[in-house]
Structures are given as C-alpha cells and as structure tokens.
Amino acid sequence: MPDELLERLRRFKEDAFPQYRAQFQQLVDDGQQPLTLFIGCSDSRIVPYLLTGAGPGELFLVRNVGAFVPPYDQSHGFHGTAAAIEFAVLSLNVKRIVVCGHTHCGAIRALYGEVPAAAQNLVRWLDLGREATLPIADPGPEVLRRTEQRAIVLQLERLMDYPMVRERVEAGALTLHGWHYVIEDGEVHVFDVRRGGFVPASQADNAGTGPYAPHDPSTYLVASGVPTAGD
Ligand SMILES: [Zn+2]
C-alpha cells in the first residue's frame with residue numbers, strides 16, 4: 001500500500017520546493033522577519049496562507065483550539081501560545097497580531113456542550129472562551145456566530161494584558177486585528193472598534209481594529225452591541 005504522506009513529502013521536494021528554493025535560501029541567510037503574528041484556530045478549514053496570500057517567511061503562526069490567548073500572568077503550566085506571543089513581539093518585533101476565529105467552530109460549540117471526560121486539558125483550555133458565551137442552553141447558528149465573534153474580542157482584550165503588547169500598541173508600533181472567517185462565504189469579517197462590530201472585509205476600511213482604543217474591556221463588548229455574559 002502506498003504511503004500517501006510520504007508521497008506528498010516527495011512531491012513537495014520535487015515539484016514545489018524548486019520554485020521557492022531561492023526564497024528559502026534567503027530566509028535562511030537573513031533569518032526570518034515576519035511582520036505578522038497569526039493566532040488562528042486549529043480548524044483544518046482555516047488556511048492562513050491561502051487567506052492572506054502570504055508566502056514563506058511572512059506569517060509567524062500559532063494555532064490552537066479556538067484561537068485562544070491564555071492569560072499573561074501564569075504561575076504554572078506550559079503555555080505554547082503565551083511563549084509564542086512573547087517571542088513574536090519581543091524578538092521578532094512583529095507589527096501586527098491577528099486573532100482569527102471562524103464559523104462552525106467546534107471549540108465554541110463545545111462551550112455549550114459536553115466534552116469527553118478524558119479531555120481534561122481541553123476542558124480547562126475552553127475556560128479561555130467561556131466569558132464569551134451567552135446565557136442560552138441550546139444555541140442556534142446566530143448565537144454561535146455571536147459567541148465566536150465575542151470570543152475573538154475577548155482574546156484581543158487578553159492580548160492587551162501582555163505588557164509588551166500593550167506597550168507597543170499604545171506607542172503605535174503594533175496593531176491588533178480580530179478576524180472572523182466565514183468559511184462558506186470565503187470572507188473574513190474584521191473587528192472594527194470604531195464601528196463597534198465585525199465588518200465584512202469587502203466593506204471595511206481597515207484590516208482589523210485599526211488604532212486600538214485605550215484598554216477598556218467593558219466598552220468593547222458593549223460597543224459591539226452584544227450583551228455581556230452577565231447581562
Ligand atoms: Zn475553531
């Protein structure tokens with residue numbers, strides 16, 4: 001039986017790599033200098049390079065279940081996403097951080113449902129999105145979509161708790177972008193803090209929040225016209 005994965009690796013080397021050889025060599029010689037940290041959900045239907053038209057060396061990628069940002073302040077545990085944020089900002093000096101969620105997100109749906117008992121890490125991880133849920137037991141598509149969007153804003157807020165992120169955002173050296181990718185439409189809706197919600201990229205005048213307003217989590221959730229979980 002042919003090993004399909006092995007076939008794909010060989011095909012990459014033979015068919016795809018040659019056209020990128022010079023580019024990769026340059027990236028090796030000069031080192032990587034990506035301008036964008038892309039924090040995306042692990043969902044296989046998000047293809048960041050396809051979505052942004054980026055090539056090798058352009059995106060510093062972190063993906064996890066739900067596109068969540070763990071708290072900066074942690075006393076224990078191993079948090080790959082937190083480490084990646086620190087590295088991207090302090091060492092790579094990225095200029096943009098994108099948080100990209102999407103429609104039909106299993107992580108968001110799981111916030112309203114059951115998670116297998118053995119998935120103890122997953123249950124804990126999902127806590128990072130819980131604040132975005134609405135007080136509805138059996139959510140329909142619209143509630144799920146709103147929760148997905150609220151979760152994205154929540155992660156942007158948590159990013160602002162990272163001192164190196166806040167410092168640079170306030171100095172105008174870094175911008176934060178909340179994206180909600182509508183898989184079935186092939187369109188990203190970008191969070192625009194001034195318009196108070198998510199706007200289809202085709203109608204937006206910026207690729208995200210633009211200049212981030214001074215940090216006040218409550219205003220973001222209220223400004224987006226969405227009741228907070230406590231309402
Ligand atoms: Zn997802």
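The figures that follow rest on heavy atoms only: side chains count, while hydrogens, waters and symmetry mates do not. Start at 1 and go down the list; that is how both ligands and their atoms are numbered. What you see is a predicted model, and the numbers here were worked out from it, not measured in a lab.
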Using a distance threshold of 2.8 Å, what protein N/O/S atoms lie below it relative to the Zn ion (ligand 1)?
C41 SG, H102 NE2, C105 SG

Does a donor on one side chain and an acceptor on the other come within less than 3.5 Å for S42 and R63?
no

T81 side chain to N64 side chain, donor-acceptor N/O pair below 3.5 angstrom
yes

Pairs satisfying side chain to side chain donor-acceptor pair (under 3.5 Å), at least one member in residues 18-27, at least two apart:
Q25-D29

Is it the case that the side chains of E148 and H102 hold a donor-acceptor pair, with the cut-off being a distance below 3.5 Å and no angle test?
no

Does a donor on one side chain and an acceptor on the other come within less than 3.5 Å for Q149 and H189?
no

So, T36 versus E58: side-chain donor-acceptor pair below 3.5 Å or not?
no

